[in-house]
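Here is the structure we will look at, set down as structure tokens.
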Amino acid sequence: MKIASFNINGIKARIGALTDWLNDAQPDVAILQEIKSIDENFPADHFRDMGYIVETHGQKSFNGVAILSKLPLEDVTRGLPGDDDDEQARYIEATVIGDKKPVRICGLYLPNGNPAPGPKYDYKLAWMERLRQRATTLLELEEPFLMAGDYNIIPQKEDAEKPDSWREDALFLPQSREAYRKITSLGLTDAFRACNPHNPPASPPGHYTFWDYQAGAWNRNNGIRIDHFLLSPQCADILEDCQIDRDIRGREKPSDHVPIWVKLAA
DNA sequence: ATGCCGTTCGATGAACGA
């Protein structure tokens, strides 16, 4: 089973690039972030015609997440538990029925948090604590699950081409990385690092999932790794591969993020 | 030092992003 995550930065602007990538990469499941659309305006029929089940959790103009799946989905839930007043559409869950076993999929678009400090940063940290709570609940089930999406977290300096330039940014502040570690240290595996260990000091070119549209970031490989797959122990047991579809960033009318995917024996 | 660039809504720019 191939499961991909892709922050598309607007479905209206990306329907062509997304369709081309789906046809090339052929994921069984695509977890999307920043659809920037209400559910009614998401082109669900287009993806149904391609063989996908479509589940969205959208809002007007901003945020919004979705799951496209060629495999059956069960028990779809929308929104991250823990704050009934949170109206931002950033979280969706579903169970994918694989040929061998079911996997619970959590698709997330974690708040950016800038500027820090400030209310947006407070919201980010509170949201991460709610995500940690949700992970704790799911871990108690001792079943395969994964949390994938745009975490807006640079976990380590190796995950940025120019870490110094992110030193005071909400994506890289010590408090942000501590909140992220509190989630991974529950026992979740970073699938990309499990499959692509960083080997200092002979640093190879960095592996990134985001390059800013500005200042020639792509041409300079001035990127950051902020889209992640975190796997439960039972899911890490069946992990076969995890890679980043880097070349997508160089195509026509690209998103500023690229897809990252896992292959599971499920 | 600031903006660079891109998307959205809906306007002749503002808000937001990372």
Side-chain angles (χ1 to χ4, degrees), chain A residues 5-21 32-43 46 56-66 86-91 107-125 127-128 131 148-177 179-180 192 206-228 244 246 248-260:
Chain A
S5 170
F6 190 3
N7 180 325
I8 58 173
N9 190 16
I11 185 59
K12 200 162 127 189
R14 213 68 60 216
I15 186 161
L18 174 58
T19 299
D20 290 346
W21 166 73
L32 307 178
Q33 300 88 39
E34 284 206 89
I35 64 173
K36 294 188 175 180
S37 161
I38 57 174
D39 295 338
E40 292 75 13
N41 290 347
F42 190 86
H46 169 77
T56 57
H57 179 40
Q59 70 178 85
K60 191 177 179 183
S61 303
F62 304 116
N63 308 319
V65 290
D86 186 357
E87 294 183 347
Q88 299 191 29
R90 295 178 174 276
Y91 192 83
L108 63 99
Y109 174 45
L110 206 149
N112 172 305
N114 282 305
K120 290 189 175 182
Y121 193 56
D122 295 341
Y123 174 67
K124 176 175 193 155
L125 294 177
W127 204 96
M128 294 182 78
L131 186 65
D150 178 358
Y151 280 74
N152 271 316
I153 291 285
I154 303 165
Q156 299 180 279
K157 67 178 189 310
E158 292 79 8
D159 299 311
E161 184 73 11
K162 299 180 184 302
D164 284 348
S165 67
W166 297 94
R167 206 162 43 85
E168 296 181 53
D169 192 283
L171 279 62
F172 193 55
L173 281 173
Q175 204 177 352
S176 304
R177 290 186 282 150
Y180 180 77
F192 186 78
H207 293 115
Y208 310 126
T209 63
F210 170 91
W211 295 261
D212 201 297
Y213 288 122
Q214 303 179 68
W218 167 245
N219 289 327
R220 300 162 189 254
N221 195 29
N222 181 13
I224 49 179
R225 191 174 73 95
I226 56 175
D227 299 84
H228 308 298
I244 296 165
R246 182 181 194 280
I248 298 300
R249 187 64 177 77
R251 290 189 179 177
E252 287 296 306
K253 213 168 158 51
S255 171
D256 41 9
H257 294 252
V258 295
I260 174 172

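Computation of the quantities below employed the complete heavy-atom set of this structure, encompassing side-chain atoms and omitting hydrogens, waters and symmetry-equivalent molecules. In what follows, chains are A, B, ... by sequence order, proteins preceding strands, each numbered from 1.
Between B:dA14 and B:dG10, the two C1' atoms lie 11 Å apart (nearest whole Å). With P as the reference atom, B:dA1 and B:dC16 are 25 Å apart, rounded to whole Å. Nucleotides B:dA18 and B:dT12 place their C1' atoms 28 Å apart, quoted to the nearest Å. Rounded to whole Å, the C1' atom of B:dC4 lies 14 Å from the corresponding atom of B:dG17. Distance noted for atom P between B:dA11 and B:dA15: 13 Å (whole Å).
One N or O on the side chain of A:Arg249 and one on the backbone of A:Trp211 form a donor-acceptor pair closer than 3.5 Å. A donor-acceptor pair under 3.5 Å links the side-chain atoms of A:Arg14 to the main chain of A:Asn9, judged by distance alone. Of the possible donor and acceptor atoms, one in the side chain of A:Thr19 sits under 3.5 Å from a partner among the backbone N and O of A:Ile15. One N or O on the side chain of A:Asp39 and one on the backbone of A:Gly58 form a donor-acceptor pair closer than 3.5 Å.
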Exercise. Taking protein heavy atoms under 4.0 Å as touching, what does nucleotides 4-14 of chain B look like 5' to 3' if B marks base contact, S marks sugar-phosphate-only contact and - marks none?
Worked result: BBSSSSS----
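In this structure, A:Tyr208 does not reach the B:dA18 phosphate: none of its side-chain N or O atoms is under 4.0 Å from OP1 or OP2. OP1 or OP2 of B:dA18 lies within a sub-4.0 Å distance of a side-chain N or O belonging to A:Asn112.
To the nearest angstrom, C1' of B:dG17 lies 15 Å from CD1 of A:Ile8. In this structure, NZ of A:Lys120 is placed 10 Å from P of B:dA15, rounded to the nearest angstrom. To the nearest angstrom, C1' of B:dA18 lies 18 Å from OH of A:Tyr151. The CG-P distance, from A:Asn114 to B:dA15, rounds to 17 Å in whole Å. In this structure, the CG atom of A:Leu110 is 13 Å from the C1' atom of B:dA18, given to the nearest Å. Between the CG atom of A:Asp150 and the C1' atom of B:dA18 there is a distance of 9 Å, given to the nearest Å. Residue A:Asp227 contributes atom CG, which lies 13 Å from atom C1' of B:dG17 at whole-angstrom precision. Atom pair A:Lys124:NZ and B:dC16:P shows a separation of 16 Å (rounding to whole Å applied).
Between A:His228 and A:Tyr180, the ring planes are tilted. Angles from 30° to 60° get that label.
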Exercise. When you look at A:Glu87 and A:Asn63, which way does the side chain to side chain contact (heavy atoms under 4.5 Å, CB included) test go after all the steps?
Worked result: CA-CA 11 Å; A:Glu87 294 183 347; A:Asn63 308 319; over 6 Å; no
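In this model, no side-chain donor or acceptor of A:Asn152 finds a partner on the base of B:dA18 within 3.5 Å.
At a cut-off of 3.5 Å, with distance as the only test, no side-chain donor of A:Asp86 or A:Tyr91 sits close to an acceptor on the other residue.
Counting non-hydrogen atoms under 4.0 angstrom, A:Tyr109 reaches the backbone sugars and phosphates but no base.
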